[in-house]
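First the structure, in the form of structure tokens, and then the observations on it.
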Amino acid sequence: QVQLVESGGGLVQAGGSLRLSCAASGRTIRNSAMGWFRQAPGKEREFVAGVNWSGSSTYYADSVKGRFTISRHSAKNTVYLQMNSLKPEDTAVYYCATRDGAPSQAMGVYDYWGQGTQVTVSS
């Protein structure tokens with residue numbers, strides 16, 4: 001069993017930055033892929049970014065490529081999402097998730113999810 005807790009969300013002006021953290025407990029996520037997803041009001045949850053177990057491979061949605069960076073700190077059992085040049089359309093609840101195997105854009109293959117953290121970007 002893995003528990004994931006996201007933090008770092010908040011209210012920021014357009015063009016600003018936030019860093020989200022996802023701390024895992026229960027068991028190590030050292031050998032697991034991690035993903036960040038988001039869900040805006042009235043919309044489906046969507047993939048944002050993913051990272052493989054070693055951190056050597058990262059994946060991004062086109063909408064965030066060049067602005068967001070996913071990274072992981074194995075010793076801290078934590079994954080981060082650095083978000084720069086934020087836009088109002090980035091407003092959403094952001095979730096982290098983990099799965100054994102390679103990162104995926106498909107929500108259904110992830111085994112554990114956090115409760116989410118709200119990010120609001122004002123114009």
Side-chain angles (χ1 to χ4, degrees):
Q1 193 80 353
V2 177
Q3 292 79 45
L4 302 175
V5 178
E6 302 95 336
S7 62
L11 174 64
V12 64
Q13 288 188 335
S17 298
L18 284 174
R19 188 176 82 154
L20 305 184
S21 299
C22 172
S25 62
R27 68 169 172 87
T28 181
I29 56 169
R30 188 169 301 165
N31 299 318
S32 303
M34 299 297 298
W36 283 98
F37 292 77
R38 68 185 180 187
Q39 187 166 18
K43 296 188 177 181
E44 293 187 353
R45 194 171 298 188
E46 64 177 3
F47 172 80
V48 175
V51 61
N52 70 340
W53 69 274
S54 67
S56 61
S57 296
T58 56
Y59 309 86
Y60 299 95
D62 288 343
S63 58
V64 306
K65 205 170 291 183
R67 299 187 298 122
F68 290 11
T69 303
I70 188 171
S71 61
R72 63 190 305 162
H73 193 305
S74 294
K76 294 184 178 180
N77 231 20
T78 300
V79 176
Y80 305 98
L81 185 67
Q82 177 67 43
M83 306 187 295
N84 299 327
S85 302
L86 282 161
K87 305 174 181 180
E89 50 263 44
D90 294 318
T91 295
V93 177
Y94 283 71
Y95 300 88
C96 66
T98 185
R99 69 180 299 257
D100 293 330
S104 172
Q105 298 188 27
M107 289 191 303
V109 303
Y110 285 82
D111 302 307
Y112 300 100
W113 291 80
Q115 83 291 345
T117 185
Q118 176 70 47
V119 171
T120 303
V121 184
S122 64
S123 58

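FYI, side chains are in, hydrogens and waters are out, and symmetry mates aren't considered; it's all heavy atoms of this structure. Here the structure is a predicted model, which means the values were calculated and not measured.
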Checking [X] now: which residues fulfil side chain to side chain donor-acceptor pair (under 3.5 Å) with it, not counting sequence neighbours?
X    : answer
R67  : D90
S57  : none
R45  : Q39
D111 : none

Can you see which heavy atom on [X] is nearest to which on [Y], and at what distance?
X   : Y    : answer
A24 : V2   : CB-CG1, 4.3 Å
S54 : S56  : OG-OG, 2.8 Å
V51 : R72  : O-NH1, 4.0 Å
P88 : S123 : CG-CB, 3.8 Å

Nearest 0.5 angstrom please: [X] [atom1] to [Y] [atom2], how far?
X   : Y   : atom1 : atom2 : value
S25 : Q3  : OG    : CD    : 4.5 Å
S32 : N52 : OG    : CG    : 11.0 Å
L18 : Y94 : CG    : OH    : 9.0 Å
I29 : T78 : CD1   : OG1   : 6.5 Å

When hydrophobic residues are tied together by side-chain contacts of less than 4.5 Å, even through go-betweens, does [X] share a cluster with [Y]?
X   : Y    : result
L4  : V119 : yes
V79 : Y112 : yes
Y60 : Y80  : no
V48 : M107 : no
W53 : M34  : no

Subject >> Donor-acceptor under 3.5 Å (T98 side chain, A33 main chain) >> reply: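 Yes; at least one donor-acceptor contact below 3.5 Å.
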**OP:** Using atom types as modelled and distance alone, determine if a side-chain donor or acceptor of R99 lies under 3.5 Å from a backbone N or O of G35.
**Re:** no
Check whether any side-chain heavy atom of [X] lies under 4.5 Å from a side-chain heavy atom of [Y], and answer yes or no.
X    : Y    : result
S71  : Q82  : no
Q13  : V121 : no
H73  : S21  : no
T117 : V93  : no

**OP:** Kindly indicate, with the supporting measurements, whether the criterion side chain to side chain contact (heavy atoms under 4.5 Å, CB included) is fulfilled by N84 and F68.
**Re:** CA-CA 6 Å; N84 299 327; F68 290 11; over 6 Å; no
Subject >> All pairs passing disulfide bond (SG atoms under 2.5 Å apart) where residues 15-123 contributes a residue, at least two apart >> reply: C22-C96
Original post:
Under the ring pair (Phe, Tyr, Trp, His ring centres under 6.0 Å) rule, what pairs show up with a residue in residues 8-44, not counting sequence neighbours?
Top reply: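 Applying ring pair (Phe, Tyr, Trp, His ring centres under 6.0 Å) to every pair that reaches into residues 8-44, excluding sequence neighbours, yields F37-F47, F37-Y110, F37-W113.
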**OP:** Give a yes-or-no answer on whether the side chains of T120 and Q118 include a donor-acceptor pair shorter than 3.5 Å.
**Re:** yes
**OP:** Among E44, E46, E6, find the residue that satisfies the salt bridge (charged side-chain N to carboxylate O under 4.0 Å, His left out) test when tested with R38.
**Re:**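 Of all the options given, the one that passes is E46.
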Original post:
Is the count of non-hydrogen atoms from other residues, nucleotides or ligands lying under 6.0 Å from K65 atom NZ greater than 12?
Top reply: yes
